[in-house]
Amino acid sequence: MTSNERVVVIGTGLAGVRLARRLGELGTPALLIGEEEHRPYNRVLLAEVLAGRYTPEVIALPAPAELTRGRVTGIDRDRRTVACADGSVIAYDRLVLATGSNPVLPPLRGLFTGTGEPHALPEGVHAFRTMDDCLGLSKAVRPGARAVVIGGGLLGVSAARALALRGAQVVLAQQSERLMERQLDPAASKLVKRHLTDLGVEVHTECRVRDVRCVGGAVRSVEMADGYALDADLVVVACGVRPRVGLAQAAGLDVRKGVVVDDELRTSDPYIHAIGDCAQHDGVLYGLATPALEQADALAESLAGDSTARYTGTRSLTRLTLTGHDSPFDLAAFGETEGLPGDDVVQLADATRGTYRKVVVRDDRLVGGVLVGELGTVGALARAWEGAEPLPSDGGPLLHLLTNDGGS
């Protein structure tokens with residue numbers, strides 16, 4: 001890429017903003033296009049805004065110099081232009097898709113209004129993905145409000161905790177057998193459930209929602225598969241996300257679950273790149289902040305002229321802090337949290353202090369772990385995991401890492 005080529009970035013999430021800022025620092029300005037009216041913000045912290053701990057201004061991201069508002073409706077690869085909903089056309093030399101992801105809205109009866117508008121939800125039913133979602137929920141929640149959260153993954157747990165802190169009567173319905181099953185092992189999931197229960201959240205696992213019942217266009221109850229109905233003033237749908245790939249598909253790019261990219265984060269069109277939640281690299285969809293930031297940094301170096309810059313994947317760690325009435329509840333999970341036959345698994349728990357630590361070692365290498373409470377060791381363990389280097393054969397240093405600040 002030459003220095004006078006124009007870079008256009010679609011998306012103002014963490015990945016898009018990071019890329020535009022890094023390019024500016026490297027002397028290659030980029031035009032950032034975002035469809036949200038709000039100043040770019042850190043989506044990871046939306047639950048803290050809902051909980052009332054932060055204002056929207058606190059989680060705002062430093063905006064790059066060139067930022068325009070608008071919804072991109074199409075890409076013309078031959079002319080290298082993008083069309084916007086307001087009728088404007090923007091030319092590019094290099095285009096970057098940082099379009100993120102959309103919430104998954106399950107096909108429940110009563111979930112949609114029937115107006116014909118896509119994703120039009122009844123009054124009182126909310127997704128939890130954008131600042132508008134968050135502000136709508138914040139306006140609707142009040143002490144004593146009956147709230148049902150559908151989904152017990154990372155997003156659902158965060159939303160349930162935030163609503164409980166706002167004084168709502170919260171029921172969390174999770175279809176699978178435990179909370180945050182993608183990140184945590186059963187013991188850590190139980191600790192998360194206990195923390196939510198201590199906040200007053202009623203947690204139901206192995207519980208499938210069948211119907212959202214509305215009267216006059218507003219939600220009134222949620223019906224379970226067994227026929228039991230929960231009265232509801234608010235319903236939060238937190239059933240995961242899927243990559244936003246509509247623009248890429250319409251443009252004829254290679255799309256599987258996400259927009260397929262190589263180590264230079266190029267799509268099947270060499271003049272179009274993709275990063276963040278919408279990108280699928282080496283078969284992997286990450287959907288996490290750390291990989292998005294690393295992809296943005298690698299692409300910035302490449303677009304600014306570093307021909308050796310590559311993205312080869314991220315060994316990402318999930319971290320969550322649940323702030324309760326008394327003390328925060330911290331957890332971290334990385335790699336494989338369940339051992340295979342032949343693995344060495346070390347588990348340490350302290351029921352009094354509410355701490356739990358588990359690591360999985362395979363062929364003298366740390367391949368994963370879960371830490372709950374007192375996370376002073378997480379940095380050292382994560383570095384050992386990321387480095388994928390053999391551990392000392394006597395196991396002493398590993399045991400020290402697990403026990404030096406509270407395990408027993």
Side-chain angles (χ1 to χ4, degrees), residues 9-19 34 36 40-48 59 61 96-106 119 127-131 133-134 149-159 174-176 179-184 192 236-249 253-263 265 267 273-299 311-321 331-337 368 370 382 386:
V9 183
I10 304 174
T12 53
L14 280 173
V17 171
R18 176 68 160 253
L19 175 63
E36 291 192 57
Y41 57 89
N42 185 347
R43 200 180 309 276
V44 175
L45 296 175
L46 280 176
E48 302 303 328
I59 71 167
L61 298 171
V96 181
L97 303 177
T99 49
S101 53
N102 284 323
V104 172
L105 299 176
H119 300 162
F128 188 46
R129 182 65 182 164
T130 68
M131 180 64 78
D133 294 335
C134 182
V149 177
I150 304 174
L154 184 62
L155 195 62
V157 166
S158 298
Q174 164 72 327
Q175 184 168 329
S176 63
L179 301 177
M180 293 181 64
E181 62 175 354
R182 290 183 58 190
Q183 295 90 8
L184 304 179
V192 173
V236 180
V237 182
C239 299
V241 297
R242 63 168 55 95
R244 294 184 67 182
V245 297
L247 282 174
Q249 285 178 321
L253 300 177
D254 185 6
V255 175
R256 294 169 199 172
K257 290 184 178 180
V259 185
V260 177
V261 296
D262 61 15
D263 287 358
L265 297 161
T267 68
H273 304 258
I275 57 174
D277 285 8
C278 71
Q280 182 174 347
H281 174 266
D282 198 22
V284 178
L285 281 169
Y286 288 100
L288 296 168
T290 299
L293 296 174
E294 291 185 0
Q295 290 170 4
D297 288 345
L299 183 56
Y311 175 74
T312 56
T314 299
R315 293 168 68 84
S316 54
L317 178 146
T318 298
R319 179 131 186 202
L320 177 65
T321 297
L331 64 86
F334 54 95
E336 300 178 45
T337 59
V370 182
E386 290 168 351

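Looking at every heavy atom in both residues, Cys239 comes nearest to Val104 through O-CB, 3.6 Å. What you find for Leu61 and Tyr41 is that their closest heavy atoms are CD1-O, 3.4 Å. Residues Asp133 and Ala127 come closest through the heavy atom pair CB-O, 3.3 Å. Taking all atoms of both residues into account, the shortest heavy-atom contact from Ala289 to Val44 is CB-CG2, 4.1 Å. When all heavy atoms of Ser158 and Ala47 are compared, the pair lying nearest together is CB-CB, 3.8 Å.
Between Asn42 and Leu14, the closest side-chain pair of non-hydrogen atoms falls below 4.5 Å. For the pair Val237 and Pro106, the minimum side-chain heavy-atom distance is below 4.5 Å. You'll find the side chain of Leu184 reaches within 4.5 Å of the side chain of Leu331, heavy atoms only. Side-chain contact between Ile59 and Met131 is present, with heavy atoms from C-beta onward closer than 4.5 Å. With a 4.5 Å cut-off on side-chain heavy atoms, Thr290 and Leu317 do not count as touching. For the pair Arg129 and Val241, the minimum side-chain heavy-atom distance is below 4.5 Å.
Between the side chains of Gln295 and Tyr286, no donor-acceptor pair is found at a separation under 3.5 Å. In summary, the side chains of Glu294 and Thr314 do present a donor paired with an acceptor at a separation below 3.5 Å, with no hydrogens or angles considered. Side chain to side chain, His281 and Asp262 fail the donor-acceptor criterion of an N or O pair below 3.5 Å.
Between Gln183 atom CD and Leu288 atom CG the span is 8.0 Å, to the nearest 0.5 Å. The CZ atom of Arg18 lies 10.0 Å from the CD1 atom of Ile275; values are rounded to the nearest 0.5 Å. To the nearest 0.5 Å, atoms CZ (Arg256) and CG (Leu285) are separated by 11.0 Å. The CZ atom of Arg242 sits 10.5 Å away from atom OG of Ser101, with the distance rounded to the nearest 0.5 Å. Taking CD of Glu48 as the start and SG of Cys134 as the end, the distance is 10.0 Å to the nearest 0.5 Å. Summarising the geometry, atom CG belonging to Leu265 is positioned 8.0 Å from atom CG belonging to Asp263; distances are rounded to the nearest 0.5 Å.
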